[in-house]
2 protein chains.
Amino acid sequence: MPVTLSRATLIEVAKLAGTSKTSVSRFFGPERERLTPKLQTRIAEAADTLGYQPNLMARGLKGGGSRLLGMLVADIRNPFSVAVVHGVEQAARAHGYSLIVCNTDNDPEQEQQHLRLLTAYQVEGLIINAAGQPEAQLQAIMRSGVPLVLLDRDIRQLDANVIGLDNALAIDMALEHLVQQGYRSILYVSESPAYASARQERLQRFTQQAATLGVKGQTLILSNLAAHAPTLKAFAKHSVSGPGAVLCANGNVTLAMTRRFQKLGIAIGPTGLMGIDELEWCELITPGITTLAQPTDDISHAAVSYLLNQLNGSAQASPLSYRHAPRLQVRGSTTFKHDPKHV
Amino acid sequence: MPVTLSRATLIEVAKLAGTSKTSVSRFFGPERERLTPKLQTRIAEAADTLGYQPNLMARGLKGGGSRLLGMLVADIRNPFSVAVVHGVEQAARAHGYSLIVCNTDNDPEQEQQHLRLLTAYQVEGLIINAAGQPEAQLQAIMRSGVPLVLLDRDIRQLDANVIGLDNALAIDMALEHLVQQGYRSILYVSESPAYASARQERLQRFTQQAATLGVKGQTLILSNLAAHAPTLKAFAKHSVSGPGAVLCANGNVTLAMTRRFQKLGIAIGPTGLMGIDELEWCELITPGITTLAQPTDDISHAAVSYLLNQLNGSAQASPLSYRHAPRLQVRGSTTFKHDPKHV
DNA sequence: CTGTTAGCGCGTTCAT
DNA sequence: ATGAACGCGCTAACAG
């Protein structure tokens with residue numbers, strides 16, 4: 001039952017327990033065992049009656065480290081980001097670290113400010129889902145000895161590791177599935193790949209593999225998510241080269257395309273629809289939208305593990321993978337029975 | 001161009017600039033004007049070449065405050081929570097505060113730990129979306145002088161303000177809309193109202209108002225989101241007392257019910273469907289699901305304003321509202337043209 | 001095993 | 001206008 005109005009301090013506890021700050025400090029640190037049982041209980045009682053809690057700021061100051069991890073997210077409203085933040089927070093907590101998350105809303109300027117802020121709070125490690133290309137700042141951070149991982153998006157000219165989806169594999173899986181289901185013409189739709197390496201990797205792989213597999217591949221870049229109605233409409237007729245499917249580069253695009261399909265009256269299934277990123281509503285849209293779910297937990301755990309390895313001098317560095325395989329979630333949007341003569 | 005490997009400190013800057021810590025401190029504080037222009041530029045240069053950044057931990061230690069706000073979220077994967085976190089972070093940042101978010105996954109035990117953690121980091125204010133009833137801890141926190149607001153969920157026996165939706169108004173708006181659209185029998189579906197005051201308020205208001213308005217009101221409490229198929233099926237027949245509609249207490253329920261409707265083959269529209277909480281897919285489900293959107297920005301801004309008012313001694317306390325009105329988003333799920341003889 | 005001492009990086013008197 | 005000295009709450013040497 002705390003009675004003090006202001007926060008109790010180490011020294012007050014010591015006084016009340018009739019001992020010194022050091023012993024109290026030890027009690028709350030990893031050296032508790034070195035104290036006499038009697039002393040331990042005395043301290044415990046004193047701390048309890050005062051409602052004492054160590055001040056982590058002060059602790060961090062001395063050199064014990066802040067026990068803080070920082071995370072920079074480009075768009076916290078993106079379900080993928082939410083899932084990763086959730087996973088990272090759990091993993092960090094499990095290792096005794098707390099997380100301070102900053103959202104940049106895809107604004108490079110905010111990104112710089114937040115980066116400054118994070119370092120000002122002495123975070124011990126950084127997980128960066130970049131919006132822009134803050135290579136200078138990040139380089140400085142790395143040089144200052146703070147470990148750092150990139151999430152999903154690479155940054156040119158920065159020698160840092162990227163953790164995220166295995167984009168090439170994802171595209172391959174998508175193509176294999178679509179071809180297997182009888183789609184012969186595929187329209188790949190993506191937001192602008194500028195400044196987002198994951199998008200670039202997917203786009204490039206698509207172009208390359210579509211050719212290899214001999215399917216008719218087209219690509220469409222959405223600016224501000226407004227899709228070209230004519231392009232889509234023409235594509236939906238799929239009279240030229242057999243049944244066609246639209247492959248969406250991420251969740252945002254899947255949402256935009258689903259809207260378009262509905263608006264233009266394009267039937268989902270006859271014209272295939274598939275997306276990277278699993279969303280809770282994909283099973284609700286009749287007849288269900290096939291997706292490639294990202295293993296967000298694996299990704300977030302890997303990111304945290306990476307940081308922790310670096311912090312522990314990578315002594316017993318547990319091996320971890322940077323590229324993670326997606327999980328194929330097949331639904332009705334890609335399992336339409338096409339007229340055999342087209343297939 | 002920072003060259004130092006470890007983080008530069010105030011004193012190093014002072015040395016390089018040929019001055020004292022105090023002046024450098026002033027330069028980075030609110031007293032910059034008191035320095036000679038020459039000195040200012042000298043310090044600026046020195047700080048720049050060293051890549052100096054004030055250590056916010058140390059700053060907070062002295063009494064300057066941590067400039068940190070804490071937020072406890074029951075379920076960070078809930079879109080409503082995400083929206084509020086986003087808004088809170090923006091508002092906090094706009095006022096020079098940073099936010100450290102903790103997710104409890106609806107686990108009272110984690111909640112307690114996170115609460116301890118947050119206070120240990122000397123947060124200056126707390127926004128609590130409670131999972132359990134940590135009244136004792138929160139009381140202690142309030143007594144220690146740290147301002148605190150409850151978000152969406154009240155805590156019994158705790159004299160703290162709650163900011164969130166105007167639940168009574170929301171229910172009233174929903175009922176008015178449904179009745180106006182010709183639905184005469186309404187099934188209100190909610191998750192367990194235990195430990196979630198918002199749910200209680202909505203449920204109670206529904207029961208009360210349904211009676212007042214003379215509509216046939218039933219309620220159904222979902223445990224683990226598994227809905228009673230029989231109840232629903234029977235309800236869908238709506239042969240007894242005219243067309244029926246299902247009103248969902250929140251986004252989770254809307255998701256669960258939409259699934260049920262599809263699984264049981266209940267047509268959306270003929271049997272109405274409406275939900276509290278706007279979700280991005282509600283417009284995608286044919287024929288669109290009518291919702292009551294929560295004004296998440298208003299709510300989050302109000303929460304931050306409240307905290308800041310308290311911190312500023314509520315000097316020029318700007319007035320703010322605790323209960324916020326929802327916005328009705330009408331879609332096809334509640335605008336079906338019923339057979340007149342039933343209406 | 002325990003207490004004493006000295007900083008960590010910074011803000012803040014109080015002199016100059 | 002500027003600097004010297006002290007202390008915030010804590011951990012880490014170093015004694016005893």
Side-chain angles (χ1 to χ4, degrees), chain A residues 4 6-44 46-47 50-68 96 119-124 144-145, chain B residues 4 6-44 46-47 50-68 96 119-124 144-145:
Chain A
T4 42
S6 51
R7 178 151 262 96
T9 78
L10 198 60
I11 206 167
E12 307 188 65
V13 177
K15 221 183 309 178
L16 204 164
T19 177
S20 72
K21 324 188 306 186
T22 311
S23 298
V24 180
S25 176
R26 289 214 174 94
F27 180 81
F28 286 99
E31 311 187 58
R32 177 179 302 193
E33 301 314 320
R34 289 175 38 176
L35 285 324
T36 291
K38 289 182 181 178
L39 222 200
Q40 288 194 33
T41 52
R42 285 222 316 278
I43 294 178
L50 288 182
Y52 170 75
Q53 288 184 258
N55 181 333
L56 294 199
M57 295 251 157
R59 189 192 316 237
L61 193 54
K62 180 55 188 182
S66 63
R67 302 303 269 178
L68 232 37
T119 56
Y121 274 112
Q122 313 294 110
V123 294
E124 296 185 45
S144 81
Chain B
T4 42
S6 52
R7 178 150 261 96
T9 79
L10 200 60
I11 207 167
E12 307 187 65
V13 177
K15 220 182 310 177
L16 205 164
T19 177
S20 72
K21 327 188 301 187
T22 313
S23 297
V24 180
S25 175
R26 288 210 175 97
F27 180 81
F28 285 98
E31 311 186 58
R32 177 179 302 192
E33 300 314 319
R34 288 177 38 179
L35 284 322
T36 292
K38 289 182 181 176
L39 223 199
Q40 288 193 34
T41 52
R42 283 223 317 278
I43 295 179
L50 288 181
Y52 170 74
Q53 290 184 257
N55 181 331
L56 293 199
M57 294 251 156
R59 173 162 9 206
L61 193 53
K62 181 55 186 182
S66 63
R67 301 303 269 180
L68 230 38
T119 57
Y121 274 111
Q122 311 297 107
V123 294
E124 297 185 47
S144 80

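All chains are named by letter (A, B, ...) in the order of the sequence lines, taking the proteins before the strands, and each is independently numbered beginning at 1. All of these numbers come straight from a predicted model, not from anything done at the bench.
Computed from coordinates, the A/Q122 CD to D/dT11 C1' distance equals 16 Å when rounded to whole Å. Whole-Å rounding puts the A/K62 NZ to D/dC8 P distance at 16 Å. Rounded to an integer number of Å, the gap from CG of A/N55 to C1' of D/dG9 is 6 Å. Rounded to an integer number of Å, the gap from CZ of A/F28 to P of D/dA12 is 16 Å. Per the geometry, CZ belonging to A/R67 stands 17 Å off P belonging to D/dC10, to the nearest Å.
For the pair B/K21 and B/R42, both in contact range of DNA chain D, the more 5′-proximal nearest nucleotide belongs to B/R42. In this structure, B/E31 and B/L61 both approach DNA chain C, and ranking their closest nucleotides by distance from the 5' end singles out B/L61.
When the side-chain nitrogen and oxygen atoms of B/T19 are compared with OP1 and OP2 of D/dG3, one or more of them lie within a distance under 4.0 Å. Neither OP1 nor OP2 of D/dG9 sits under 4.0 Å from any side-chain N or O of B/Y121. OP1 or OP2 of D/dC8 has not a single side-chain nitrogen or oxygen of A/T9 nearer than 4.0 Å.
Among the heavy atoms of the strands, none lies under 4.0 Å from A/F27.
Evaluation of the salt bridge (charged side-chain N to carboxylate O under 4.0 Å, His left out) test over residues 57-67 of chain A, restricted to residues two or more places apart or in two chains, returns none.
Inter-residue side-chain proximity for B/L68 and B/Q122 is flagged as unmet; no heavy-atom pair is nearer than 4.5 Å.
How far CD1 of B/I11 is from CG of B/L16: 13.0 Å, rounded to the nearest 0.5 Å. The OG1 atom of A/T9 sits 13.0 Å away from the CD atom of A/Q53 when rounded to the nearest 0.5 Å. Rounding to the nearest 0.5 Å gives a distance of 9.5 Å between OG1 of A/T19 and CZ of A/R26. Here CG of B/L56 is found 5.0 Å from OH of A/Y121. Values are rounded to the nearest 0.5 Å. The line from CD of B/E12 to CG of B/L50 is 6.5 Å long, rounded to the nearest 0.5 Å.
Qualifying salt bridge (charged side-chain N to carboxylate O under 4.0 Å, His left out) partners for A/R34, counting only residues two or more places apart in sequence or in other chains: A/E31. For A/L10, the side chain to side chain contact (heavy atoms under 4.5 Å, CB included) criterion is met by A/K21, A/V24, A/S25, A/Y52, not counting sequence neighbours.
Distance from the side chain of A/S25 is smallest for D/dT11 among the nucleotides D/dG9, D/dT2, D/dT11.
Chain A approaches DNA chain C within less than 4.0 angstrom (heavy atoms of the protein), and the contacting nucleotides run 5' to 3' from C/dC1 to C/dG9.
Of all heavy-atom pairs spanning B/V123 and B/S66, the tightest one is CA-OG, 3.9 Å. The nearest pair of heavy atoms linking A/A120 to B/P54 is CB-O, 3.7 Å.
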- What's the verdict on side-chain contact (heavy atoms from CB on, under 4.5 Å) for A/M57 and A/L61, showing C-alpha distance, side-chain angles and the deciding distance? CA-CA 6 Å; A/M57 295 251 157; A/L61 193 54; over 6 Å; no
Using atom names, set out every protein N or O paired with an N or O of nucleotides 13-16 of chain D below 3.5 Å, distance rounded to 0.1 Å.
none

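Five base pairs at each end of the helix from C/dC1-D/dG16 to C/dT16-D/dA1 define two local axes, and these are offset by 40° (rounded to 10°).
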